[in-house]
Asker: 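Dropping the structure in here first, questions after.
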Amino acid sequence: MSKPGKPNPATDPLVSLFKSIGLTQAKAQEAAKSPKSAVILKDIIESYPTVSSGELDEKQAGLIVALSGALAKASVGSAEKDYLIATILKNRLKSVDQVAAAVKFAETNKLPINETEFDKECGIGFSITPEELDDRVKKYIASNAVAGWASLGAVISALRATPQLRWANPLDVKNAVEKSLTEIFGAKESAKPKGKEPKKDTKPAAKQEKTTEIASSDPLTRKSVFEEGFLGSLHKPGENPQANPRHREAHLKATGNNVWTRFPPEPNGYLHIGHSKAIFVNFGYAAHHNGKCYLRYDDTNPEKEEAKYFESILEMVRWLGFEPWKITYSSDYFDELYDLAVELIKRDKAYVCHCTQEEIKVDRGEKRGQPRPCVHRNRPISESLTEFEAMKNGKYRPKEANLRMKQDLEDGNPQMWDLTAYRVLDTPHHRTHDKWKIYPTYDFTHCLVDSFENISHSLCTTEFIASRQSYEWLCDAVDVYKPRQSEYGRLNLEGTIMSKRKIHALVNGGYVSGWDDPRLYTLIALRRRGVPPGAIISFVSTLGVSTAASNIEISRFEQSVRQYLENTAPRLLMVVKPLKVTIENLSEDYVLTIDKPLHPKVPELGTSTIPFTRNIYIESDDFRLEDSKDYFRLAPGKTVGLFGAPHPITYISHKVDPATREVVEVVVKLENEGPVKKPKTFIQWVAEHAASGSPVRVDETRVFHRLFKSDRPSGDISDLEPNSLEIVEGAMVETGFWALAKRSLIEARREAKLRTEKAVQENKTTEAAVGDDTPHATAEQLIGKDCVRFQGLRVGYFALDKDSRLACLDEPDTTEASRKQGDHLVLNRIVSLKEDSGKAI
């Protein structure tokens, strides 16, 4: 049996010395690889008691290693070297880039060092707020010929080369550039599949036509979704007609001539994917025009409202990336609404009706198509005032009396056929408690609260087109400012259900685990599944906004998520159904440490360190006993490559289970001697190495398929797919998972803290009074285990489920992440790598 070319690093005395300063085994081995820098590092350890004392943390030890490497390539005096070591020990230099800059500075600047210049050159004390970063990015893009998304890499490189952003976090710069490009050019489009090139046509007319086509698709000609189509044609603030000019003047004075919008959900259920479009349109349109957007809870039906819905709505709005300027409730205006109802009666524009619900339906033409006057319609004004007061004081039971608007029964629009303005309800209100026995309807409340809040653009879906007439009628009838209602098409996903009633039936029947079951398309379910909020916003923005409804296939939504994750998700080696492989020409104690990038095209995501040993695991589907011409993975007589490993492997033999006759182990040879032809295929693997905690064993991998068989489900139980949830036990992931999981949560907490602090400063979402149950912006709303996402190489995209218990996520940030007793690891598949038709994992 041949021996591998490299000696076992465990016996190298340098490795033991380097580990003594706080380096991990892997990093100590890496430091010992370069003879020149290893000599310098050895000298530093032996010459500086502070370094060799064992009091350095892992980060400082890493910087000492980086310093040794930089000194090996530079000419720096011993006094200057002492100074550089001291800056690391004092935690003034905190990154490898800073160390490199410090060595370069010390080459040309001898003692005494000018600390002000040193700090500036090395980025010590550098800080930049997200707002400042966004501003610099936008100014750069505006002053340079940026030709759209094709310039992404060039823009990032150019910005990082500027003195102002040299020390900015690379990932922050990348995110800021992508954000600005999205605002200017729209969401990034995936590359189109290559096809056969058309034959060249020499005719001038054809050439002219091609030129025009290219010009029209130039990214420079693309506009933001808020600048074209439906949203681009909306009126400017103040252009909405008013019955009285003084209302326009007062409105513009209150808004400063800016766009003010609102997102007004009913707090009687969890938001779904369709609401993401309403959130994007209302918050996005206001933000695009430097305006403001309210989050207004339309809480006029106390019979269906619960506190959990209020909290969840704010959490989902913030999770999608938006911050309400102010949180309000329709109930904030109950007194004003009541006063206007009285005024409407006094103007002979409303009356109290005592008809039954059946009689009202008949009068409104619901049974014969033509309305007729209610018998109470022409009762004296004074009588309606008295009866309305009696309604308010609790004289009537529900449905015994209603206040109806006296509109226009001759109009062809049913929304003008004497709509109900107030009804009697016995249920206490969550905010006003027992103060009111009567509650305003949506048709009465919506337009008037829009008016009270000086909304410039009342944006809603096309189902409310007919309501626009009654909306404007009521504002004019009580002589208040009249906002302009504009309607856009709603978003529907085929193959799922959005109805709260139907989802409630599934939850109560135990057909799904809850409103956040990842097979549903509520926003809390999509979040739990691991779908990034940016992917949802990107999806909605690419659909555009028009008056036509968007009926989208689930596969198109998943493809949008897939494209978003392609360049944002780190990549880890993963096998779902492992098959043991023994490399016979490696010794039992052989360990090679491999540093691999977390993404081949996004170096900012960093690297992970994994072991390569005699025993590894591959995907069971990557081996078969019967070979074929179209099969390029491992089989008898075949050689395959291993992602990130130094050499390919070749099949030698295999072992089977005597009882099942299934292959349980494959024996291979590592092709580590002599020239080897590059294999046609590379497969993923994970190593068995207990010392480094490899592999990471996954307790449950959950794969979600379509919940319903039909494309347009009614919610019927017989339409449910029986195998919509697949649970796989025993999957394995590389050890880089632990550091990635911890780093993801640390980064999420940092971003959540910054966003929440900004929300507190700029918006009115945190003004809590004694006894106030209004939900407020908190960092915790933005932090969850779903923040841990990665691509399992050649498998799919995955996220950590909330059912997971990982002790390392609750430990101090400086504690190295690893598996602890009692941990339970559950992964959700976000989407597959490619579109499929319910294929099992």
Asker: When you check the gap from the basic side-chain N to the acidic O, do R750 and E747 get nearer than 4.0 Å?
Answerer: yes

Asker: Please give me the minimum heavy-atom distance between K19 and T24, naming the atom from each residue.
Answerer: CG-O, 4.2 Å

Asker: Closest approach of L56 and T50, non-hydrogen atoms and distance?
Answerer: CD2-O, 4.1 Å

Asker: Looking only at heavy atoms, what is the nearest atom pair of V686 and L573, with distance?
Answerer: CG1-O, 3.8 Å

Asker: Could you walk me through whether Y270 and Y309 pass the ring-ring contact (aromatic ring centres under 6.0 Å, His included) test, one step at a time?
Answerer: CA-CA 6 Å; Y270 294 103; Y309 300 135; 5.1 Å; yes

Asker: With a 4.0 Å cut-off, would you call K753 and E757 a salt bridge?
Answerer: yes

Asker: So how far is it from K669 NZ to I583 CD1, rounded to the nearest 0.5 Å?
Answerer: 12.5 Å

Asker: Quick one, R571 and L598 - any side-chain contact, counting heavy atoms below 4.5 Å?
Answerer: no

Asker: To the nearest 0.5 Å, tell me how far L634 CG sits from D621 CG.
Answerer: 12.5 Å

Asker: Assess the side chains of K820 and S818: does a donor N or O sit below 3.5 Å from an acceptor N or O?
Answerer: yes

Asker: Supply the atom-to-atom distance W515 CH2 to I524 CD1, rounded to the nearest 0.5 angstrom.
Answerer: 8.5 Å

Asker: Less than 4.0 angstrom from a charged side-chain N to a carboxylate O is my criterion; do R633 and E619 meet it?
Answerer: no

Asker: Look at R529 together with E558 and state whether they make a salt bridge at an N to O cut-off of under 4.0 Å.
Answerer: yes

Asker: Enter the distance from E688:CD to M732:CE here, rounded to the nearest 0.5 Å.
Answerer: 6.5 Å

Asker: In the structure I gave you, are the side-chain heavy atoms of P533 and M316 within less than 4.5 Å of one another anywhere?
Answerer: no

Asker: I want to check something: taking the side chain as every heavy atom from C-beta on, are N672 and P646 in contact at a cut-off of under 4.5 Å?
Answerer: no

Asker: May I ask you to check whether over 12 heavy atoms, not counting those of Y511, lie within 6.0 Å of atom OH?
Answerer: no

Asker: Would you call R528 and D803 a salt bridge, taking side-chain N to carboxylate O under 4.0 Å as the test?
Answerer: yes

Asker: Evaluate the ring planes of Y651 and F623, with Trp represented by its six-membered ring, and classify them as parallel (under 30°), tilted (30 to 60°) or perpendicular (over 60°).
Answerer: parallel

Asker: Under the side chain to side chain contact (heavy atoms under 4.5 Å, CB included) rule, what do Q98 and L63 come out as? Steps first, then yes or no, please.
Answerer: CA-CA 9 Å; Q98 285 183 317; L63 294 179; over 6 Å; no

Asker: More than 12 heavy atoms of other residues, nucleotides or ligands under 6.0 Å from NZ of K655: yes or no?
Answerer: no

Asker: With distance as the sole criterion, is a donor-acceptor pair present between the side chains of R789 and T568 under 3.5 Å?
Answerer: no

Asker: Find the distance between CD1 (I537) and CG (L320) and round it off to the nearest 0.5 Å.
Answerer: 4.5 Å

Asker: Are more than 12 heavy atoms, taken from residues, nucleotides or ligands other than K27, located less than 6.0 Å from that residue's NZ atom?
Answerer: no

Asker: With distance as the sole test, does D801 use its side chain to make a donor-acceptor pair with the main-chain N or O of S804 at under 3.5 Å?
Answerer: no

Asker: Of the non-hydrogen atoms in A31 and V65, which two are nearest, and what is the gap between them?
Answerer: CB-CG1, 4.0 Å

Asker: Test side chain to side chain contact (heavy atoms under 4.5 Å, CB included) on L707 and L506; report intermediate values, then the result.
Answerer: CA-CA 11 Å; L707 187 59; L506 292 179; 4.1 Å; yes

Asker: Using a strict cut-off of less than 4.0 Å between a Lys/Arg side-chain nitrogen and an Asp/Glu carboxylate oxygen, indicate whether K758 and E323 qualify as a salt bridge.
Answerer: no

Asker: Which label fits F557 and Y521: parallel for a plane angle under 30°, tilted from 30 to 60°, or perpendicular past 60°?
Answerer: perpendicular

Asker: Using a strict threshold of under 4.0 Å (side-chain N to carboxylate O), is an ion pair present between D517 and R519?
Answerer: yes

Asker: With side chain to side chain contact (heavy atoms under 4.5 Å, CB included) as the test, would you mind laying out the steps for Q781 and H776 before giving the verdict?
Answerer: CA-CA 10 Å; Q781 292 163 342; H776 302 289; over 6 Å; no

Asker: Supply the atom-to-atom distance D622 CG to W685 CH2, rounded to the nearest 0.5 angstrom.
Answerer: 14.0 Å

Asker: Given L642 and I683, is the side chain to side chain contact (heavy atoms under 4.5 Å, CB included) satisfied, shown in steps?
Answerer: CA-CA 5 Å; L642 301 173; I683 61 176; 3.8 Å; yes

Asker: Which heavy atom of I21 sits nearest a heavy atom of V51, and at what distance?
Answerer: CG2-O, 3.5 Å

Asker: NE2 of H504: more than 12 outside heavy atoms within 6.0 angstrom?
Answerer: no

Asker: Please check if the number of heavy atoms outside K500 that lie under 6.0 Å from its NZ is greater than 12.
Answerer: yes

Asker: Is any NZ, NE, NH1 or NH2 atom of the basic residue among R819 and D699 found under 4.0 Å from an Asp or Glu carboxylate oxygen of the other?
Answerer: yes

Asker: For L827 versus F737, what's the shortest heavy-atom pair and its separation?
Answerer: CD2-CE1, 4.4 Å

Asker: Do S587 and D589 have side-chain N/O donor and acceptor atoms under 3.5 Å apart?
Answerer: yes

Asker: Taking atom NZ of K179 as the centre, report whether more than 12 heavy atoms of other residues, nucleotides or ligands fall under 6.0 Å from it.
Answerer: no

